[in-house]
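Nothing here was measured: the structure is a model prediction, and the numbers come from that model.
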Amino acid sequence: MANETVVKPPDAAVKAERVPVTMGTRGVQLQTLDEFYRFAKYVYSSGLAPDSLKSPEACMVAMQCGLEFGFTLMQSLRSIVVVHGKPSVYGDALK
């Protein structure tokens, strides 16, 4: 028993520091994967994510797909649909 190491849990008073997210003229400007995931969690937990996006991670993939098409993050959520596990673009979004 003398060789046992006692591991104390982290102090509950110490919380992860939240770095502010930059805002621009077209909304949030995400710089890191952590910021992107935080935003996806907020969108998903708000209930504003489309029904085809079943998790924050699915929201991230849809937003990334939309960014590759030149959409903003919110346009991406409105314009990307998941069909049989594949992200696709709604026809009216291509106009």
Side-chain angles (χ1 to χ4, degrees):
M1 289 215 165
N3 291 335
E4 289 182 16
T5 303
V6 177
V7 178
K8 294 182 181 181
D11 184 11
V14 177
K15 295 183 180 179
E17 184 178 333
R18 292 280 172 130
V19 177
V21 175
T22 305
M23 297 294 290
T25 58
R26 292 184 56 124
V28 295
Q29 295 178 337
L30 306 174
Q31 303 296 318
T32 67
L33 192 58
D34 277 345
E35 290 174 1
F36 200 60
Y37 185 68
R38 273 177 49 205
F39 184 74
K41 284 192 335 187
Y42 294 142
V43 168
Y44 183 76
S45 66
S46 74
L48 295 176
D51 291 339
S52 66
L53 303 176
K54 307 283 188 203
S55 67
E57 292 82 3
C59 290
M60 285 182 69
V61 171
M63 289 186 293
Q64 177 58 38
C65 288
L67 288 171
E68 291 174 10
F69 278 103
F71 301 152
T72 64
L73 296 175
M74 297 309 287
Q75 283 175 317
S76 299
L77 291 170
R78 290 189 307 272
S79 303
I80 303 294
V81 62
V82 178
V83 179
H84 300 293
K86 295 180 182 179
S88 304
V89 179
Y90 281 114
D92 59 346
L94 294 174
K95 293 179 183 178

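- In terms of heavy atoms, Q29 sits closest to E35 at O-OE1, 4.0 Å.
- Between I80 and A62, the shortest heavy-atom contact is CG1-O, 3.5 Å.
- Checked by atom type and distance alone, the side chain of Y44 pairs as donor or acceptor with a backbone atom of K54 at under 3.5 Å.
- For G66 against S76, the heavy-atom pair with the smallest separation is CA-OG, 3.1 Å.
- A heavy-atom distance below 4.5 Å is not found between the side chains of L30 and R38.
- Considering only heavy atoms from C-beta on, V43 comes within 4.5 Å of L77 through its side chain.
- Follow the hydrophobic side-chain contacts under 4.5 Å out from L53 and you reach L67 in the same cluster.
- Put simply, CZ on R78 and CG on L48 are 11.0 Å apart, with the number rounded to the nearest 0.5 Å.
- In this structure, OG in S79 is found 13.0 Å from CE in M63, a value given to the nearest 0.5 Å.
- Between the CD atom in E57 and the NZ atom in K41 there is a gap of 9.5 Å [rounded to 0.5 Å].
- Smallest separation of non-hydrogen atoms from Q64 and F36: N-CZ, 4.0 Å.
- With hydrophobic clusters built from ILVMFWY side chains whose heavy atoms lie under 4.5 angstrom apart, V61 does not share a cluster with L73.
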